[in-house]
Student: 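Once you've had a glance at the structure underneath, I'll fire off some questions.
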Amino acid sequence: MSQRWSLLLYMTASPRLAPHAQDTLKRLAAAQPPTGLDISVQLDARGKKKPARYRIVNRRAVQEPSSWRYRPRVALRDFLDWGLPKGKKGRSALVMWGEGGGWIYPAGLYDAPGRALIDAQLHDAIAGSHAGRVDVLGFDACLMGMVEILYGARDLCRAQVSSETFVPLSGWPYRAMLEALVRKPATTGVAWAERVVPCVKTVRASSTLAAFDAARADAVAAAFRVLARELRRVPAAARPELARARADMLHVGNPYFVDVLSMLRSIERCVADRKVAAAVIKVRREIVRARLAVASSGSDNRAMTGLSIFFPETKTTFLAPYQELAFAKKTGWGAFLTRYLK
């Protein structure tokens with residue numbers, strides 16, 4: 001690679017995922033790394049006293065001896081400081097590996113479901129590290145391709161790579177991704193993201209992957225702010241139209257999350273309001289502009305467009321913690337949901 005890169009894989013493995021974490025580590029080591037790529041891994045197998053750290057050297061995972069004091073809430077920051085120490089030059093890609101559940105249960109972050117504010121915790125970890133940010137932020141975990149996450153982590157990276165649906169237990173196709181980077185080296189975070197996303201087509205299991213430009217997240221949020229405002233203004237008599245639209249939206253495996261572009265199509269089709277229609281067009285335009293690449297394997301995922309959003313059909317206890325997310329505060333989307341579900 002013409003530009004030196006550091007790939008940091010932060011793995012938190014539940015008992016169910018522990019065997020697959022070890023397999024991922026072996027596959028990553030066996031893949032021929034391109035020249036100029038440093039690979040660092042932290043594997044936290046739940047039940048162990050503390051995580052193990054590895055360097056991929058000569059196609060082998062070499063465990064690093066360490067006396068560091070493991071503290072779960074600062075583990076990610078400590079890992080970044082270890083993998084990207086002061087003075088290290090080049091570009092970086094951080095991949096969070098593990099159980100994922102969107103903003104409700106973010107991959108790799110320690111907290112109770114519904115209380116792990118991904119934008120706050122990721123900001124504390126990455127912004128507080130020596131590096132301060134990474135070029136690419138990836139999530140090798142289920143349901144993490146959300147507009148809330150894109151916005152919440154916008155200042156921490158240049159590009160984000162994630163799946164809005166479920167990820168196979170085998171995870172990302174790292175061998176294919178490294179080979180793609182050898183064939184066409186990446187010099188920026190955007191280029192790195194664009195190169196690796198199509199590799200998901202090599203996965204035999206049903207899967208999706210998408211990359212978004214974090215620099216356009218503010219424009220996406222601004223468009224959503226207008227849409228949320230217009231939806232709040234929909235009169236009570238037109239509420240059945242919104243209900244029909246919600247019933248027609250495509251959920252992504254979690255009943256609380258729907259595909260964004262599917263949501264926009266349903267609103268456009270069911271809600272007869274010119275201002276809402278104009279707001280829908282603006283949101284769609286900004287989503288398409290922000291999307292760098294999208295790909296899928298398996299016929300079940302062909303309708304997925306890369307990004308989901310929180311839109312429960314009925315009242316839920318998750319609505320209260322949702323109001324604390326940066327995206328909900330910026331756009332008023334939580335206020336719209338509260339009014340819709342009232």
Side-chain angles (χ1 to χ4, degrees), residues 1-12 28 33-44 50-57 62 64 66 68-98 106-110 116-141 144 149-162 172 174 177-178 181 185-196 211-218 292 326:
M1 302 177 74
S2 57
Q3 173 74 51
R4 190 162 194 86
W5 279 81
S6 295
L7 172 61
L8 297 99
L9 188 62
Y10 184 79
M11 308 178 78
T12 52
L28 187 61
T35 303
L37 176 65
D38 299 327
I39 304 178
S40 304
V41 181
Q42 177 166 302
L43 174 54
D44 181 0
K50 66 179 183 179
R53 287 178 173 173
Y54 301 88
R55 305 276 193 192
I56 305 300
V57 181
V62 179
E64 292 276 325
S66 174
W68 65 290
R69 181 167 173 258
Y70 175 53
R71 296 167 294 166
R73 289 192 176 277
V74 295
L76 176 56
R77 189 193 68 196
D78 288 347
F79 172 59
L80 285 169
D81 286 343
W82 175 72
L84 298 172
K86 285 183 179 179
K88 186 169 186 178
K89 297 180 179 180
R91 308 245 178 227
S92 58
L94 169 65
V95 178
M96 309 284 285
W97 186 104
L109 297 181
Y110 292 82
L117 296 182
I118 188 165
D119 41 25
Q121 291 197 25
L122 268 182
H123 188 275
D124 290 347
I126 299 178
S129 67
H130 295 323
R133 59 180 285 131
V134 293
D135 293 281
V136 180
L137 178 60
F139 295 95
D140 189 353
M144 298 300 289
I149 296 172
L150 174 66
Y151 181 77
R154 67 196 184 285
D155 296 330
L156 304 174
C157 59
R158 185 64 176 83
Q160 292 184 32
V161 180
S162 54
W172 285 5
Y174 289 100
M177 288 177 171
L178 293 180
L181 293 172
T187 57
T188 66
V190 167
W192 195 97
E194 290 173 333
R195 305 280 192 280
V196 301
F212 284 83
D213 185 347
R216 300 205 65 89
D218 282 309
L292 301 170

Student: Quick one: pull up CH2 in Trp192 and CG in Leu7 and give me the separation to the nearest 0.5 Å.
Tutor: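 Answer for the CH2-CG pair, Trp192 versus Leu7, is 6.0 Å.
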Student: Could you tell me whether the side chain of Val74 reaches within less than 4.5 Å of the side chain of Asp124, counting heavy atoms only?
Tutor: no
Student: For Arg133 and Asp155, which heavy atoms make the closest approach, and how far apart are they?
Tutor: NH1-O, 3.0 Å
Student: Taking all heavy atoms of Trp97 and all of Tyr174, pick out the closest pair and write down the distance.
Tutor: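 Where Trp97 meets Tyr174 most closely, the heavy atoms are CD1-OH, 4.0 Å.
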Student: Going by the side-chain contact (heavy atoms from CB on, under 4.5 Å) test, name the single residue among Ile39, Val41, Leu84, Val95 that passes it with Leu8.
Tutor: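 Only match with Leu8 under side-chain contact (heavy atoms from CB on, under 4.5 Å): Leu84.
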Student: CD1/Ile56 to CG/Leu28 distance, rounded to the nearest 0.5 angstrom?
Tutor: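 The CG atom of Leu28 is 5.0 Å from CD1 of Ile56, to the nearest 0.5 Å.
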Student: Are Val161 and Trp172 close enough that some pair of their side-chain heavy atoms sits under 4.5 Å apart?
Tutor: yes
Student: Using atom types as modelled and distance alone, determine if a side-chain donor or acceptor of Trp82 lies under 3.5 Å from a backbone N or O of Ser40.
Tutor: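 No, because the side chain of Trp82 does not come within donor-acceptor range (under 3.5 Å) of the backbone of Ser40.
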Student: Do side-chain atoms of Arg91 reach the backbone of Thr187 as a donor and acceptor pair under 3.5 angstrom?
Tutor: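 Present.
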Student: Going from CG on Leu156 to CG on Leu94, what distance comes out if it is rounded to the nearest 0.5 angstrom?
Tutor: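 Here the interatomic distance stands at 10.0 Å.
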Student: Is the shortest distance from a Lys or Arg side-chain nitrogen in Asp38 or Arg55 to a carboxylate oxygen in the other one below 4.0 Å?
Tutor: no
Student: First locate atom CH2 of Trp5, then atom CG of Leu181, and finally report the distance between them rounded to the nearest 0.5 Å.
Tutor: 8.0 Å
Student: Between Asp78 and Arg53, is the side-chain contact (heavy atoms from CB on, under 4.5 Å) condition met? List the steps.
Tutor: CA-CA 11 Å; Asp78 288 347; Arg53 287 178 173 173; 3.7 Å; yes
Student: I need the minimum non-hydrogen distance between Arg154 and Ala217, along with the two atoms involved.
Tutor: CB-CB, 3.7 Å
Student: Compare every heavy atom of Cys157 with every heavy atom of Ala153, then report the nearest pair and how far apart it is.
Tutor: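 Closest approach of Ala153 to Cys157, heavy atoms only: O-SG, 3.6 Å.
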Student: Okay, side chain of Asp135, backbone of Ser92: is any donor-acceptor separation there less than 3.5 Å?
Tutor: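 Pair found, side chain donor or acceptor close to backbone of Ser92.
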Student: Salt-bridged, Lys50 to Asp44, with N to O below 4.0 Å?
Tutor: no
Student: Rounded to the nearest 0.5 Å, how far apart are CD of Gln121 and CZ of Arg77?
Tutor: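 That separation rounds to 13.0 Å.
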Student: Mind listing the closest non-hydrogen atom pair of Ala159 and Ala193 along with its distance?
Tutor: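 Scanning both residues completely, I find the closest heavy atoms to be CB-CB, 3.9 Å.
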Student: Which heavy atom in Arg158 sits nearest to a heavy atom in Ala215, and how many Å separate them?
Tutor: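 Nearest heavy atoms, Arg158 then Ala215: NH1-CB, 3.7 Å.
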Student: Can you check whether Met11 reaches Asp140 side chain to side chain, under 4.5 Å on heavy atoms?
Tutor: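 They are not in contact (no side-chain heavy atoms under 4.5 Å apart), so the answer is no.
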Student: How many angstroms lie between CG in Asp213 and CD in Gln160, if you round to the nearest 0.5 Å?
Tutor: 10.0 Å
